[in-house]
Amino acid sequence: MGISLDITLVDAISEIGAPAWDALSGAVPGARPMDPFTTYRFLQALEASGSVGPGTGWEAKHLVVRHEAQVLAAMPLYAKGHSQGEYIFDHAFADAWHRAGGRYYPKLQAAVPFTPATGPRLLGPRELQPVLLRALAEITGSNQLSSAHVTFCTAEEAALGVEEGFLHRVTQQFHWEDEGYGDFEGFLSALSSRKRKTIRRERRQAQDFGGTIHALTGDDLKPEHWDAFWAFYQDTGSRKWGTPYLTRAFFDEIHATMRDDILLILAEREGRWVAGALNFIGAETLFGRYWGCVEDHPCLHFELCYYQAIDWALAHGLSRVEAGAQGEHKLARGYLPSEVHSLHWFPDTLFREAVEDYLKAETAAVGDEMRLLEGFAPFRRGPEGGG
């Protein structure tokens, strides 16, 4: 750009500040962000609540490009002491590195912690994004770190990373997209008869749990709702991960700063909250994040996480629902395979070549699997299919 650039790492996003960070992330005051997770509010909530930081294995080392005092570009970056909470797993890489006698951790991770949602990782003008990638590679090598990873980046960022010599990895998730359905019945009409009947049966079963389902956002959210959801989150977290990633304080932080961008769907029975699903609202997408319950009821998970999300998206003009990582069971409920991109940098040439061979085979296998899964999509075939 013809100007001198200062590239630094900062240990807290507060050192950058909300105006500078959000100017790069695309968040506009008073408007709903395309990606709520790369906003200052979300990342600061993680840090302020102690969900990331010393002792968590996620230590902020945000990469910042400045000219004099002006922040021109940034990357949400963390030094990782493990591979937990990433959802694009590199355990095989870590195992191979350790077996070769090396130390895989710490590594660098450009990501939004605990959040398997695609969004920008190279924040700033297009002409400075290669600067971020080159700086990431240089910092990794000069500090003798095993690797750097840019996970859940956009397809455009992935293409740029390949140009800069990063390895490209393709994995998949399941996303629902509005094809002009109008409402939930319109969506059902696009499905095969058997799948349509199954979903109707599941919704009846779920809604017969003996209580009421509430969709809460903005000022309708109260502390009691977060107390209930914390119990759900702890139950799910202890069963899936051993230890929940987020602290209780995180939910207080997002209530204070993000409640207009949150949809909390709760099931109440006999005056008690018994299950819930937490979603974040983007300008075009509803992002499903966490689910939990203290009572088991048939199909209530499907209702709160998938069908209520589709209902709400259709009613509020959102064109997409992303329901998080994994889960082939989502396919039968109208969520189709979608590519997920990440970038990987290994300073060691021999190890890099081995990983590159692995990723080529993996990418081909993922493509084959996606094509196979699409054959099991629930939509009707032929000109009247609507999907």
Side-chain angles (χ1 to χ4, degrees), residues 33-39 42-43 45-46 51 58 83-89 109 111-121 151-154 169-178 202 206 215 217 229-230 232-246 250-251 254 258 261-267 275-282 284-293 299-313 318-342 366 369-370 373:
M34 289 293 292
D35 173 22
F37 305 116
T38 52
T39 61
F42 187 86
L43 295 171
L46 291 171
S51 299
W58 288 84
S83 291
Q84 298 170 12
E86 297 172 8
Y87 301 97
I88 294 178
F89 300 112
Q109 192 90 15
V112 176
F114 325 123
T115 307
T118 293
R121 302 295 180 256
T151 46
F152 291 95
C153 61
T154 67
R169 189 176 192 181
V170 179
T171 51
Q172 67 164 316
Q173 287 183 332
F174 293 87
H175 300 162
W176 178 90
E177 296 196 24
D178 181 11
E202 288 181 347
T217 187
F229 190 78
W230 173 244
F232 308 152
Y233 174 72
Q234 283 187 299
D235 177 72
T236 301
S238 61
R239 284 186 287 106
K240 281 191 173 183
W241 316 306
T243 302
Y245 297 135
L246 300 171
F250 171 79
F251 297 99
I254 60 172
M258 298 190 72
D261 299 322
I262 290 170
L263 172 66
L264 190 58
I265 301 173
L266 295 177
L278 173 61
N279 304 266
F280 286 82
I281 310 167
E284 298 176 355
T285 304
L286 186 65
F287 299 91
R289 286 303 299 114
Y290 298 105
W291 142 270
C293 65
C299 299
L300 194 58
H301 171 254
F302 300 147
E303 176 66 20
L304 268 58
C305 293
Y306 307 137
Y307 304 142
Q308 287 283 328
I310 292 173
D311 254 338
W312 201 91
L318 302 183
S319 60
R320 188 178 181 92
V321 179
E322 295 190 16
Q326 305 168 339
E328 285 79 2
H329 60 278
K330 298 169 187 171
L331 183 66
R333 292 158 183 91
Y335 291 73
L336 300 182
S338 181
E339 285 188 345
V340 173
H341 302 276
S342 59
V366 169
E369 182 180 16
M370 289 181 64
L373 289 171

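All values below were derived from every heavy atom in this structure, side-chain atoms included, with hydrogens, water molecules and symmetry-related copies excluded.
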I'd like to check [X] versus [Y] (side-chain heavy atoms, cut-off strictly below 4.5 Å). Are they in contact?
X: Leu331; Y: Pro337; result: yes
X: Asp178; Y: Leu318; result: no
X: Thr39; Y: Met258; result: yes
X: Phe251; Y: Leu278; result: yes
X: Glu86; Y: Thr151; result: no
X: Val321; Y: Trp312; result: no
X: Thr171; Y: Ser342; result: no
X: Leu246; Y: Leu46; result: yes

Between Phe114 and Trp58 (judged by ring centroids, cut-off 6.0 Å), do the two rings come close enough to count as a pair? yes
Distance flag, aromatic centroids of Phe280 and Phe287, threshold under 6.0 Å: no
Assign the ring pair Phe37 / Phe42 to parallel, tilted or perpendicular, where the plane angle (0 to 90°) is split at 30° and 60°. perpendicular
Please verify the inter-ring angle class for Tyr87 with Phe89; under 30° counts as parallel, over 60° as perpendicular, anything in between as tilted. tilted
Let me confirm one number: the [atom1]-[atom2] distance from [X] to [Y], rounded to the nearest 0.5 Å.
X: Ile262; Y: Ile254; atom1: CD1; atom2: CD1; value: 3.5 Å
X: Leu286; Y: Asn279; atom1: CG; atom2: CG; value: 4.5 Å
X: Leu264; Y: Tyr290; atom1: CG; atom2: OH; value: 13.5 Å
X: Thr118; Y: His341; atom1: OG1; atom2: NE2; value: 7.0 Å
X: Arg121; Y: Asp35; atom1: CZ; atom2: CG; value: 6.5 Å
X: Phe229; Y: Leu266; atom1: CZ; atom2: CG; value: 8.0 Å

Nearest heavy-atom neighbours spanning [X] and [Y]:
X: Tyr233; Y: Pro244; value: CE2-CB, 3.4 Å
X: Ala277; Y: Leu304; value: CB-O, 3.8 Å
X: Pro113; Y: Leu43; value: CD-CD2, 4.4 Å
X: Leu263; Y: Ala215; value: CD1-CB, 4.0 Å
X: Pro36; Y: Gly282; value: CD-CA, 4.2 Å

Got a donor-acceptor contact below 3.5 angstrom from the [X] side chain to the [Y] backbone?
X: Ser338; Y: Phe174; value: no
X: Gln173; Y: Pro116; value: yes
X: Tyr306; Y: Tyr335; value: no

Indicate whether the side chain of Trp230 and that of Gln234 have a donor and an acceptor atom separated by less than 3.5 Å. yes
CA sep, side-chain torsions, deciding dist, call: Gln172, Leu373, side chain to side chain contact (heavy atoms under 4.5 Å, CB included): CA-CA 11 Å; Gln172 67 164 316; Leu373 289 171; 3.7 Å; yes
Enumerate the salt bridge (charged side-chain N to carboxylate O under 4.0 Å, His left out) contacts for residues 322-335, please, sequence neighbours excluded, ordered by first and then second residue. Glu202-Arg333, Arg320-Glu322
